[in-house]
Amino acid sequence: MSNSADSGAGPGTDAERDEGDGDGGSSPAQVSSPNYHSENHTAAQTCGWTANALRGEGKCYKNIYYGIESHRCIQMTPVVRCNERCVFCWRDHNGHAYEMDDVEWDDPEAVVDASISLQKKLLSGFGGNEEVPREVFDQSMEPRHVAISLDGEPTLYPYLPELIEAFHDRDITTFLVSNGTHPDVIRECDPTQLYISVDAPERYTFDQVVKAMEDDAWERLVETMDVLAEKEETRTVLRTTLVKGENMRDPDWYAAFYQRADPDFVELKAYMHIGHSRGRLDRSSMPDHEEVVAFAEEIQEHMPEHTELKGVPASRVALLSRTKDTWVPKLKKDSDFWARDPVTGD
């Protein structure tokens, strides 16, 4: 994926904990790493916000922005391999061999089963934790959301559209994060919310920051912007990881590129100096929250239809939106989605 990971369990500030499942040191190089739980090519790992939510100590910014319940969200991937080598990625690039010839792919139902099973194993220890209310633990054993974002590039999994539908059939919402290099796959995917990483506003910066393995990756990303503009039912998000000295410039160019996709939302998030990215970038490459918001304001000047700007300081993230109400409609507390909940519903 062409962005920092979406979660965190490492040490440091809240913003640093919001990045990946790294331990603040070496990140997992392969799906077989003990830092991941896996079944064949499906991997899952909880993040710091999952643990926080279980203990009543706060929730991920995706709860604030979109209504996701952090303790009921699976963070998983159907493939750990990636076709980009982003300089800001906390993962070990040596563990992301792009060749797929040796993979025996499970069908979507098996991946869903594995994801749920792995999540329950990962959280099972919280059942005896005195800091976790029993009701909250019981809820965590019935996940309602999945973030297909843990690692790798999910569009490399050959049955991704079917996987999304399989999760929906289990009444589990889907947040898909992709680097946008496979527009034909993205065209067929209709998750609850679709994120595409846009980590450069033009080709030169893209080559310097993303370091894609395919020569036509930029052209494919541009095509994906057009695919997003055609999406009418799926909520779309463009997400940029901001790295000082690398891609944090030309807000007007970003705005122009964003507008091509006609997104519902734009997320701008600070790079975090953790994991293997520390061997590629200096700690000074991390913008603070105020810098992220200031850059978002500059972009907003060129996107007048995105009138709302929201920030979450703990995660160093800013959101540009067309509307004040940014929650996924089905996740509002009085929705049928929660009425059908196997734990809390009637």
Side-chain angles (χ1 to χ4, degrees), residues 1-8 10-20 22 24-27 48 60-62 65 82 84-93 149 177 179-180 195-212 217-218 221 237-258 263 265-303 306 309-320:
M1 278 185 313
S2 175
N3 61 277
S4 305
D6 293 327
S7 53
T13 67
D14 285 345
E16 288 169 327
R17 287 201 305 271
D18 194 50
E19 296 292 325
S26 60
S27 301
C60 170
Y61 75 89
K62 293 183 182 66
Y65 288 163
C82 193
E84 293 183 341
R85 300 292 182 266
C86 300
V87 297
F88 53 77
C89 183
W90 59 269
R91 305 170 185 88
D92 178 8
H93 288 165
S149 65
V177 182
N179 61 28
Y195 290 77
I196 298 296
S197 297
V198 176
D199 297 307
E202 33 68 31
R203 177 64 183 265
Y204 175 79
T205 303
F206 181 84
D207 288 343
Q208 297 299 308
V209 172
V210 172
K211 299 184 182 299
W218 171 255
L221 178 60
V237 186
L238 300 182
R239 170 167 164 160
T240 301
T241 299
L242 296 175
V243 188
K244 290 175 66 174
E246 298 287 339
N247 67 350
M248 203 169 173
R249 58 177 179 269
D250 301 321
D252 54 338
W253 283 56
Y254 272 111
F257 194 66
Y258 291 154
F265 310 102
V266 174
E267 279 187 17
L268 298 126
K269 196 172 189 308
Y271 154 69
M272 288 291 108
H273 191 242
I274 61 173
H276 288 272
S277 75
R278 295 179 301 177
R280 310 180 204 112
L281 297 168
D282 293 331
R283 190 171 181 83
S284 61
S285 298
M286 288 193 304
D288 60 30
H289 181 65
E290 290 72 21
E291 291 172 310
V292 171
V293 171
F295 194 70
E297 289 174 337
E298 292 184 64
I299 291 173
Q300 189 180 32
E301 292 179 6
H302 304 281
M303 299 181 69
H306 286 70
L309 172 58
K310 300 184 178 185
V312 179
S315 295
R316 302 192 194 187
V317 61
L319 180 73
L320 296 177

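Given the structure is predicted, the values throughout are model-derived calculations rather than measurements.
In this structure, the salt bridge (charged side-chain N to carboxylate O under 4.0 Å, His left out) partners of D207, at least two apart in sequence or on a different chain, are R203. Contacts of Y254 classified as ring pair (Phe, Tyr, Trp, His ring centres under 6.0 Å), with partners at least two apart in sequence or in another chain: Y258, F295. Applying the side-chain hydrogen bond (donor to acceptor under 3.5 Å, both in side chains) test to S285 and every residue at least two apart in sequence or in another chain returns nothing. Not counting sequence neighbours, the partners of D288 by the side-chain contact (heavy atoms from CB on, under 4.5 Å) test are E290, E291. For H289, the side-chain contact (heavy atoms from CB on, under 4.5 Å) partners are V293, P313, R316, not counting sequence neighbours. Qualifying side-chain contact (heavy atoms from CB on, under 4.5 Å) partners for V87, counting only residues two or more places apart in sequence or in other chains: V209, K211, L281.
Annotation: side chain of Y61 is in contact with side chain of E267 (closest heavy-atom distance under 4.5 Å). By the 4.5 Å heavy-atom criterion applied to side chains, V210 and S197 are not counted as neighbours. Using a 4.5 Å heavy-atom threshold, the side chains of L221 and F257 count as touching. For the pair M286/M272, a side-chain contact is recorded, criterion being any heavy-atom separation below 4.5 Å from C-beta on. You'll find the side chain of L320 reaches within 4.5 Å of the side chain of L268, heavy atoms only.
Residue D250 holds its CG atom at 10.0 Å from CD1 of I299, rounded to the nearest 0.5 Å. In this structure, the separation between OH on Y195 and CZ on F265 is 9.0 Å, given to the nearest 0.5 Å.
Nearest heavy atoms, Y65 versus V317: OH-O, 3.3 Å. Closest of all the heavy-atom pairs between P287 and A270 is O-CB, 3.5 Å. Residues A255 and M303 share a closest heavy-atom pair of CB-CG, 3.6 Å.
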Side chain to side chain contact (heavy atoms under 4.5 Å, CB included) between E246 and R280, intermediate numbers included
CA-CA 12 Å; E246 298 287 339; R280 310 180 204 112; over 6 Å; no
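No hydrogens or angles considered: a donor-acceptor pair under 3.5 Å links the side chains of E202 and T205.
Under a 3.5 Å cut-off, the side chain of T241 and the backbone N or O of K269 do not form any donor-acceptor pair. Remark: the backbone N or O of Q300 is not paired with any side-chain donor or acceptor of E297 at under 3.5 angstrom. A donor-acceptor pair under 3.5 Å is absent between the side-chain atoms of E84 and the main chain of C86, judged by distance alone.
A distance of 6.0 Å or more separates the ring centres of W253 and F206.
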